[in-house]
J.: 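Please find one structure pasted underneath; my questions will follow.
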Amino acid sequence: MKYCYECGTKLTEKFLENEGMIPYCETCQEFRFPIFSTAVSMEIFNPEKDKVLLIQQYGKKRNILVAGYVNKGESAEHAMVREVMEEVGLHVVEYKFNRSEYFEKSNTLMINFACVVDSEDLSRRTKEVDKAEWFPLEEAKKEIYHNSLAEKFLLGALDRHLYPDSK
């Protein structure tokens, strides 16, 4: 960040105890810590926990996880439940935090959850999702978009045995 997000003044660096050198706005007389977006992504398991849902969006023929941005004032958990309902019309009945990772391409902190939904019924999915399909866990590992953050999250969730009875 080179300029103050409040007034546009070019930032300098100023020492802040216990923090080190931090961008500082001389005009606002405020330290300016880095700003980034926050989003959630989810491994969505069916009620039996033996399948995972992968989707395709925006005309791209690649299988990814359901994801979406966290709204101002919203918790990550609420965003996760909301996004699952908004995109695929399913109710989350159980969830666990998996991991988080910064995604530089979009300046976004991605917070990943593994969740279980109440049914496999995809009839309520929205037009935001081009395709949604349930995959057995081993097949999902092969079908997820390779070398993606979605793949990293999915493999991590399965390898950490977040749902050990699903393997």
Side-chain angles (χ1 to χ4, degrees), residues 1-13 16 19-25 28 30-45 52-92 95-117 122 124-135 137 139-160 162-163:
M1 181 167 46
K2 295 181 181 181
Y3 297 91
C4 177
Y5 52 78
E6 288 291 327
C7 71
T9 300
K10 186 171 174 102
L11 298 172
T12 60
E13 286 203 336
L16 179 59
E19 296 288 340
M21 297 303 286
I22 303 295
Y24 185 79
C25 177
C28 297
E30 295 283 342
F31 289 97
R32 297 297 183 206
F33 290 89
I35 294 177
F36 50 87
S37 298
T38 306
V40 292
S41 71
M42 292 69 71
E43 295 84 27
I44 301 173
F45 292 90
V52 67
L53 184 66
L54 301 179
I55 66 167
Q56 294 179 3
Q57 285 183 298
Y58 312 120
K60 297 179 181 174
K61 302 292 183 196
R62 58 185 189 198
N63 291 315
I64 58 173
L65 302 173
V66 170
Y69 285 96
V70 177
N71 293 326
K72 184 176 181 179
E74 182 179 44
S75 70
E77 294 85 355
H78 183 268
M80 176 262 307
V81 170
R82 177 182 52 76
E83 286 291 338
V84 170
M85 175 52 75
E86 283 180 7
E87 292 194 11
V88 292
L90 298 171
H91 296 277
V92 173
Y95 66 88
K96 292 182 182 182
F97 170 77
N98 182 21
R99 62 183 292 183
S100 63
E101 188 165 322
Y102 176 72
F103 187 58
E104 188 172 1
K105 185 176 178 182
S106 63
N107 189 34
T108 304
L109 176 64
M110 296 295 298
I111 302 169
N112 181 256
F113 293 93
C115 64
V116 178
V117 293
L122 298 173
R124 297 174 302 216
R125 73 177 169 88
T126 65
K127 293 180 181 174
E128 188 176 336
V129 174
D130 299 335
K131 182 179 178 184
E133 185 176 345
W134 292 102
F135 290 92
L137 302 182
E139 189 178 338
K141 290 179 182 182
K142 297 173 189 160
E143 295 295 328
I144 192 81
Y145 182 54
H146 294 296
N147 300 315
S148 68
L149 191 53
E151 179 185 45
K152 193 174 189 179
F153 283 151
L154 175 64
L155 296 179
L158 296 176
D159 289 345
R160 280 194 254 320
L162 289 175
Y163 292 99

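Scope of the values below: all heavy atoms of this structure, side chains included, with no hydrogens, waters or symmetry mates.
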J.: Just verifying a value: how many Å separate E87 CD and L53 CG, rounded to the nearest 0.5 Å?
T.: 10.0 Å
J.: Any non-hydrogen side-chain atom of L90 less than 4.5 Å from a side-chain atom of L122?
T.: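 Yes. Closest side-chain heavy atoms under 4.5 Å.
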J.: Side chains of I55 and L65: closer than 4.5 Å at any heavy-atom pair?
T.: no
J.: Taking all non-hydrogen atoms of both residues, which atom of E83 and which atom of A67 are closest, and how far apart?
T.: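 Reported closest heavy-atom pair: OE1-O, 3.6 Å.
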J.: Which heavy atom of K141 sits nearest to which heavy atom of I144, and what is that distance?
T.: O-CG2, 3.6 Å
J.: Let me see the working for Q56 and I64 under side chain to side chain contact (heavy atoms under 4.5 Å, CB included), right down to the final yes or no.
T.: CA-CA 6 Å; Q56 294 179 3; I64 58 173; over 6 Å; no
J.: Taking the side chain as C-beta and beyond, is there a heavy-atom pair between T108 and T38 under 4.5 Å?
T.: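 Sidechains of T38 and T108: no contact.
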J.: List the steps and the verdict of side chain to side chain contact (heavy atoms under 4.5 Å, CB included) for L149 and M110.
T.: CA-CA 9 Å; L149 191 53; M110 296 295 298; 3.6 Å; yes
J.: Do Y95 and V116 touch side chain to side chain, with heavy atoms closer than 4.5 Å?
T.: no
J.: So do V92 and M80 actually touch side chain to side chain, heavy atoms under 4.5 Å?
T.: yes
J.: Between Y3 and G8, which heavy-atom pair has the shortest distance, and what is it?
T.: CD2-O, 3.4 Å
J.: With a 4.5 Å heavy-atom cut-off, do Y58 and V129 have their side chains touching?
T.: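 Side-chain contact under 4.5 Å: no.
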J.: Report, as yes or no, whether the 6.0 Å neighbourhood of atom CZ on F135 holds more than 12 heavy atoms from other residues, nucleotides or ligands.
T.: yes
J.: With sequence neighbours excluded, give me every salt bridge (Lys or Arg N to Asp or Glu O under 4.0 Å) pair touching residues 54-71.
T.: none
J.: What I want to find out is whether R99 reaches E101 closely enough, with some N-O distance under 4.0 Å, to be called a salt bridge.
T.: yes
J.: Could you report the tightest heavy-atom contact between F45 and W134, atom names first, then the distance?
T.: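 Shortest heavy-atom separation between F45 and W134 comes out as C-CZ3, 3.8 Å.
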J.: Rounded at 0.5 Å granularity, tell me how far CZ in F36 sits from CZ in F103.
T.: 15.0 Å
J.: Return the minimal non-hydrogen interatomic distance between E151 and Y145, and the atom names on each side.
T.: CB-O, 3.4 Å
J.: Between E133 and K131 (salt bridge meaning N to carboxylate O under 4.0 Å), is one present in this structure?
T.: yes
J.: Please find the pair of heavy atoms, one from P23 and one from L11, that lie closest to each other, and give the distance.
T.: CB-CD1, 3.8 Å
J.: Would you say N98 and F113 make side-chain contact, with heavy atoms under 4.5 Å?
T.: no
J.: Stepwise, does the side chain to side chain contact (heavy atoms under 4.5 Å, CB included) test hold for N71 with R82?
T.: CA-CA 10 Å; N71 293 326; R82 177 182 52 76; 3.5 Å; yes
J.: Please evaluate residues S106 and S37 with respect to the criterion side chain to side chain contact (heavy atoms under 4.5 Å, CB included), reporting the C-alpha separation (whole Å), side-chain torsions for both, the decisive distance (0.1 Å), and the verdict.
T.: CA-CA 8 Å; S106 63; S37 298; over 6 Å; no
J.: N112 versus E43: any side-chain heavy-atom pair under 4.5 Å?
T.: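 Answer yes - side chains close enough.
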J.: Hey, is the main chain of V88 close enough, under 3.5 Å, to the side chain of R125 for a donor-acceptor pair?
T.: no
J.: Got a second to check how far K142's NZ is from L137's CG, nearest 0.5 Å?
T.: 12.0 Å
J.: CZ/F97 to SG/C115 distance, rounded to the nearest 0.5 angstrom?
T.: 14.0 Å
J.: Mark yes or no for whether E143, through its side chain, and A140, through its backbone, hold a donor-acceptor pair below 3.5 Å.
T.: no
J.: Under 4.0 Å between a side-chain nitrogen and a carboxylate oxygen: does that hold for R32 and E6?
T.: no
J.: Measuring from atom CD1 of I111 to atom OG of S41, what distance do you get when rounded to the nearest 0.5 angstrom?
T.: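 One finds 9.5 Å between CD1 of I111 and OG of S41.
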J.: Measuring from atom CD of E30 to atom OG1 of T9, what distance do you get when rounded to the nearest 0.5 angstrom?
T.: 12.5 Å
J.: Looking at E19, I want to see if its CD is surrounded by more than 12 non-hydrogen atoms of other residues, nucleotides or ligands under 6.0 Å.
T.: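 Counting neighbours around CD of E19, more than 12 heavy atoms of other residues, nucleotides or ligands fall under 6.0 Å, so yes.
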